[in-house]
Undergrad: 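For reference, the structure I am asking about is given below.
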Amino acid sequence: QVQLVESGGGLVQAGGSLRLSCAASGSILRINVMGWYRQAPGKQRELVAVITSDGSTNYADAWKGRFTISRDNAKNTVYLQMNSLRPEDTAVYYCRSSGLGGVYWGKGTQVTVSS
């Protein structure tokens, strides 16, 4: 079984930065596509960014330029650097793994941005 554990969330003031981490274990493979999603109260879960095993990235337009996704294949770890945070960025951020073995989600980490 694949296990994904997010960390790095917390409370930050508007304009600040956070770096989220997603550590993968179990049967996850380096070929998996990894992604970050977020879900705010009362809203649907939405895509933030994805990254492939060779480092290719894609971002939703709303976050391009402020957020950066990266990965360390040797550690099976994915990162999300978030800069210039806004109160509307407040949400639970989830790590997702997609590959030959299926789709897996972490339990999420809370990010709260105060004004």
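Each residue takes its place number in the sequence, starting with 1.
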Undergrad: Just by distance, do the side chain of Glu6 and the backbone of Gly108 share a donor-acceptor pair under 3.5 Å?
TA: yes
Undergrad: Does Ser7 offer a backbone N or O that forms a donor-acceptor pair with the side chain of Thr109 under 3.5 Å?
TA: no
Undergrad: Using every non-hydrogen atom in the two residues, find where Trp105 and Arg45 come nearest and quote the distance to one decimal.
TA: CE3-NH1, 3.2 Å
Undergrad: Arg96 and Val33: side-chain contact (heavy atoms from CB on, under 4.5 Å), yes or no, with the steps?
TA: CA-CA 8 Å; Arg96 180 180 187 258; Val33 174; over 6 Å; no
Undergrad: Start with the C-alpha distance between Gln81 and Ser70, add both sets of side-chain angles, then the distance that settles side-chain contact (heavy atoms from CB on, under 4.5 Å), and finish with yes or no.
TA: CA-CA 8 Å; Gln81 178 67 45; Ser70 61; over 6 Å; no
Undergrad: Taking only residues two or more places apart in sequence, or in another chain, which ones meet Glu46 in a side-chain contact (heavy atoms from CB on, under 4.5 Å)?
TA: Arg38, Trp63
Undergrad: Please report the interatomic distance OG(Ser21) to CZ(Arg71), rounded to the nearest 0.5 Å.
TA: 14.0 Å
Undergrad: Any side-chain heavy-atom pair from Leu80 and Val48 closer than 4.5 angstrom?
TA: yes
Undergrad: For residues Leu85 and Tyr59: do they belong to one hydrophobic cluster (side chain heavy atoms under 4.5 Å, members Ile, Leu, Val, Met, Phe, Trp, Tyr)?
TA: yes
Undergrad: Going through the checks in order, is the side-chain contact (heavy atoms from CB on, under 4.5 Å) test met by Ile69 and Val78?
TA: CA-CA 7 Å; Ile69 189 172; Val78 183; 3.9 Å; yes
Undergrad: Please report the closest heavy-atom contact between Pro87 and Thr90, naming both atoms and the distance.
TA: O-OG1, 2.9 Å
Undergrad: Does a donor on one side chain sit under 3.5 Å from an acceptor on the other, for Asp72 and Thr77?
TA: no
Undergrad: To the nearest 0.5 Å, how far apart are CZ in Arg86 and OG in Ser115?
TA: 14.5 Å
Undergrad: Above 12 or not: heavy atoms from other molecules or residues under 6.0 Å from CD of Glu88?
TA: yes
Undergrad: Quick check on the 6.0 Å ring-centre criterion: do Phe67 and Trp36 meet it?
TA: no
Undergrad: Find the distance between OG1 (Thr68) and CG (Asn83) and round it off to the nearest 0.5 Å.
TA: 6.5 Å
Undergrad: Can you find a pair of side-chain heavy atoms, one from Ser97 and one from Leu4, that are under 4.5 Å apart?
TA: yes
Undergrad: If you group Ile, Leu, Val, Met, Phe, Trp and Tyr by side-chain heavy-atom gaps below 4.5 Å, do Val5 and Tyr79 land in one group?
TA: no
Undergrad: Of Asp89, Leu11, Leu20, which is the lone residue that meets side chain to side chain contact (heavy atoms under 4.5 Å, CB included) with Val111?
TA: Leu20
Undergrad: Can you confirm whether Met34 sits close enough to Cys95 that some side-chain heavy atom of one is under 4.5 Å from a side-chain heavy atom of the other?
TA: yes
Undergrad: Would you mind reporting whether Met82 and Tyr93 have side-chain heavy atoms less than 4.5 Å apart?
TA: yes
